[in-house]
**Student:** 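Structure provided below as structure tokens; questions to follow.
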2 protein chains.
Amino acid sequence: MGRTTLKDIAEKAGVSVTAVSRALSGYPDIGEETRGRILRIAEELNYQPNIAARTLVTHKSGVMGLFVLGRAKGEGFSHPFSGQVINGFLDELTEDGYDMMVFKANRPPDSENSSYLDLCRRRMVEGAFLMGLRTDDPWLSDLTASAIPIVTMDMPLAGDMTFSVGCDSVSAVHAAIRHLADLGHKRIGIVNGYKEASISLERFEGYKSALTSLGLPFDPTIVAEADFTAAGGRQAFLSLIDKAPDMTAVFVSSDLMALGVLEGARERGLSVPEDLSVVGFDNIEMAAMSSPPLTTLDQPRYELGQTAARMLISACSGITPPSRVLLKANLIVRGSTAKPNKIKTGEVIEKAH
Amino acid sequence: MGRTTLKDIAEKAGVSVTAVSRALSGYPDIGEETRGRILRIAEELNYQPNIAARTLVTHKSGVMGLFVLGRAKGEGFSHPFSGQVINGFLDELTEDGYDMMVFKANRPPDSENSSYLDLCRRRMVEGAFLMGLRTDDPWLSDLTASAIPIVTMDMPLAGDMTFSVGCDSVSAVHAAIRHLADLGHKRIGIVNGYKEASISLERFEGYKSALTSLGLPFDPTIVAEADFTAAGGRQAFLSLIDKAPDMTAVFVSSDLMALGVLEGARERGLSVPEDLSVVGFDNIEMAAMSSPPLTTLDQPRYELGQTAARMLISACSGITPPSRVLLKANLIVRGSTAKPNKIKTGEVIEKAH
DNA sequence: CTGTTAGCGCCTTCAA
DNA sequence: TTGAAGGCGCTAACAG
């Protein structure tokens with residue numbers, strides 16, 4: 001298994017190990033000629049540094065951690081949202097010479113399992129990116145209280161070394177509601193996520209303030225809450241439409257839930273967008289493929305991941321990034337929104353009773 | 001920053017570092033009483049071993065690598081298939097005390113970037129799991145030729161230490177075709193993946209042999225090939241149905257492509273399943289949410305990931321696993337398949353001309 | 001500019 | 001049953 005080490009190169013080059021180390025690390029204090037020779041030999045021997053050894057002395061592992069919280073049914077990795085974020089995160093890390101280690105989150109906090117923080121410390125992880133929504137994970141505080149830089153996704157948390165990325169929900173929702181209002185909708189409901197996610201609160205704020213600024217009344221009867229799943233979205237929509245059959249449009253806090261809303265609408269014999277306009281949030285791949293394709297707010301997922309990586313890298317090199325970075329979500333108009341069709345809506349109301 | 005080390009524990013317990021090391025590693029050659037005391041102190045100090053140091057001497061990092069190949073548009077991480085596989089893989093690894101490092105694959109093979117193998121060696125990765133489909137990645141041979149155990153997904157490759165997991169395509173496709181035949185279909189087309197993926201070849205074999213064993217003729221005009229994307233599936237289906245409007249059913253090699261087929265069918269005014277039956281492959285989340293919900297072959301994705309992990313762990317401990325492990329894909333009958341409707345089909349044929 | 005020395009934290013002989 | 005010594009491969013002082 002004889003890997004080539006600095007020593008091998010040193011012997012072959014007739015210099016000391018230190019010299020080789022310096023040449024390879026790009027230090028200036030080494031003769032041009034010697035450095036050239038060393039580099040050539042290193043290349044020749046396909047030298048790969050033993051990072052474990054380096055880590056041992058420098059206390060820097062070059063590893064960033066990724067915790068994907070809430071990995072149950074359709075969450076976490078399996079969530080259509082995560083993929084591109086992780087791609088962006090990984091690409092940016094790789095660009096800067098970091099590697100990414102993914103840890104299993106949401107393990108039961110018993111003595112068998114180590115806390116998130118312990119996992120980081122064992123591996124000397126330099127910083128960690130947390131994806132997930134619930135701020136009530138009991139293992140979070142450990143991490144955010146530590147000196148390890150943390151970036152969270154859509155989940156601003158307290159902590160000196162804790163930062164977060166996300167999209168500006170308020171202005172995004174404004175754009176969505178304005179779009180609906182421009183089309184002529186007056187009765188616009190909302191299917192929001194659960195309250196344990198801060199994005200839900202923000203999106204609700206955006207919804208309310210948008211209505212206000214557009215001169216539309218706010219009506220709590222057309223506000224529903226679901227669990228960010230399609231099934232939950234469907235359910236929430238059904239209860240909404242049954243209570244308020246005159247609702248002509250609905251803003252949904254995630255595309256997955258919006259797909260559930262589409263399903264619910266079908267069940268009630270409502271055709272989208274003729275009888276009901278639907279706007280989602282996220283622009284997951286599926287959103288373009290549903291029938292009708294979903295009007296939604298595009299989150300720049302890849303860029304969100306990149307941004308998280310950059311913040312982490314920056315924090316690790318001592319440059320404190322802003323505690324929260326918000327990107328812009330853009331409205332993508334597709335086939336699920338249109339002018340309200342009063343007549344059809346009337347028919348449907350009767351059918352529904 | 002002062003992490004607790006073996007030395008700290010040793011001092012506090014009044015023993016040597018060696019003794020502590022042994023106690024913590026569960027060696028038997030240490031006094032019951034001493035061990036107890038040591039363990040207690042370790043607990044008290046929340047001792048976390050420095051894995052870098054351990055790796056340096058044992059040459060075992062406790063890290064498995066994950067390479068997600070083909071990360072372009074909708075592939076890799078972003079693919080709805082990957083998530084659960086990775087979950088299973090990670091869970092099983094964690095169970096055995098391994099951690100997972102994810103590497104960026106498909107980087108251009110220039111001097112800037114290290115080969116997959118080099119990445120593994122730097123980090124002393126003990127084994128690697130490769131997800132992806134194209135057997136023509138130029139960086140693969142390096143890895144499969146090395147002594148590092150490799151498990152690939154759906155991509156059997158040569159190599160002493162190279163293994164693979166996947167589903168038994170042939171018998172799965174048989175089940176699908178039999179289902180269609182049982183419903184009364186006689187003219188069953190196929191939208192397959194590209195030939196660079198070995199699953200495409202296997203599924204094609206399954207398709208042909210199923211037809212034969214059911215006494216149905218094989219007709220090359222209703223065979224099409226696409227790139228595993230929805231857009232590609234749509235395109236392939238359109239060319240198929242235009243050439244052979246009497247086709248009443250189609251087997252599609254992936255759900256993503258099948259969703260594209262559904263879209264294509266809509267465009268041609270064919271309603272599914274009345275005019276056309278569609279069977280997919282994978283049972284991704286979306287498959288249950290399309291309209292109509294897709295009849296498909298369920299791949300046990302989580303178990304595939306678990307299996308990969310177990311094979312890797314086993315290979316790392318010197319127990320050579322079987323070079324290929326096939327799990328069973330199960331037919332899930334949903335709304336996209338039904339008896340062929342001759343009359344409607346007739347109408348459509350005329351419309352199409 | 002280059003080499004010598006020392007040590008990171010841990011495991012593994014070898015003695016006691 | 002326990003301890004002492006040595007070294008994994010690398011970097012970081014400190015000398016020359």
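All values below were derived from every heavy atom in this structure, side-chain atoms included, with hydrogens, water molecules and symmetry-related copies excluded. Chain A is the first sequence line, chain B the second, and so forth, proteins listed ahead of strands; every chain is numbered from 1.
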**Student:** Are A/Cys120 and A/Leu143 side-chain neighbours, meaning at least one heavy-atom pair lies under 4.5 Å?
**Tutor:**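 Yes, side chains in contact.
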
**Student:** Is there side-chain contact between A/Met101 and A/Leu119, with at least one heavy-atom pair below 4.5 Å?
**Tutor:** no

**Student:** Which nucleotide in the set D/dA4, D/dT2, C/dG9 lies at the smallest distance from any side-chain heavy atom of B/Arg22?
**Tutor:** D/dT2

**Student:** What is the distance, to the nearest angstrom, from the CG atom on A/Asn50 to the C1' atom on D/dG9?
**Tutor:** 6 Å

**Student:** Select one nucleotide: of C/dT2, D/dC10, C/dC10, the one nearest the side-chain heavy atoms of A/Asp29.
**Tutor:**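 Among the listed nucleotides, the one closest to the side chain of A/Asp29 is C/dT2.
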
**Student:** Taking CZ from A/Arg35 and P from C/dT2, how many angstroms apart are they, rounded to a whole number?
**Tutor:** 10 Å

**Student:** In whole Å, what is the span from the CZ atom of A/Arg122 to the P atom of C/dG9?
**Tutor:** 17 Å

**Student:** Quick check: on DNA chain D, is the nucleotide nearest B/Met124 upstream (toward 5') of the one nearest B/Glu32, or the reverse? Name the residue that is more 5'.
**Tutor:** B/Glu32

**Student:** If only atom types and distance count, is the side chain of B/Ser317 paired as donor or acceptor with the main-chain N or O of B/Ile319 below 3.5 Å?
**Tutor:**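 Checking the backbone N and O of B/Ile319 against the side chain of B/Ser317, no donor-acceptor pair under 3.5 Å is found.
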
**Student:** Measure from the side-chain heavy atoms of B/Leu56 and tell me the nearest of D/dC8, C/dC11, C/dG3.
**Tutor:** D/dC8

**Student:** Can you check the B/Leu6 CG to D/dC8 P distance for me, whole Å?
**Tutor:**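 My rounded result for the distance is 19 Å.
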
**Student:** Under 4.0 Å: is that the gap between some side-chain N or O of A/Ser16 and OP1 or OP2 of C/dG3?
**Tutor:** yes

**Student:** With heavy atoms under 4.0 Å as the rule, sort B/Thr34 into base, sugar-phosphate or nothing.
**Tutor:** sugar-phosphate

**Student:** Give one of base, sugar-phosphate or nothing for B/Val17, where a contact means two heavy atoms less than 4.0 Å apart.
**Tutor:** nothing

**Student:** Between C/dG9, C/dT4, D/dC10, which nucleotide gets closest to the side-chain atoms of B/Val57?
**Tutor:** C/dG9

**Student:** Send over the distance from A/Arg54 CZ to D/dA12 C1', rounded to a whole Å.
**Tutor:** 14 Å

**Student:** List the steps and the verdict of side chain to side chain donor-acceptor pair (under 3.5 Å) for B/Tyr47 and B/Asp8.
**Tutor:** CA-CA 9 Å; B/Tyr47 169 74; B/Asp8 300 327; over 6 Å; no

**Student:** Can a donor-acceptor pair be found, under 3.5 Å and without considering hydrogens, that links the side chain of B/Glu92 to the backbone of B/Thr307?
**Tutor:**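 No.
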
**Student:** Record whether the side chain of A/Ser21 comes under 3.5 Å of the base of D/dA12 through a donor-acceptor pair of N or O atoms.
**Tutor:** no

**Student:** From the set C/dT2, D/dC8, D/dT11, return the single nucleotide nearest to any side-chain atom of A/Ile30.
**Tutor:** C/dT2

**Student:** So which nucleotide from D/dT11, D/dA4, C/dT12 ends up closest to the side chain of B/Tyr27?
**Tutor:** C/dT12

**Student:** So for A/Thr18 and C/dT4, does any side-chain atom that can act as donor or acceptor lie under 3.5 Å from a complementary atom in the base?
**Tutor:** yes

**Student:** Return the 5'-most residue of the pair B/His59, B/Gly31 with respect to DNA chain D, ranking by each residue's nearest nucleotide.
**Tutor:** B/Gly31

**Student:** Give a yes/no on whether any side-chain N or O of B/Tyr47 is located under 4.0 angstrom from OP1 or OP2 of C/dC10.
**Tutor:** yes

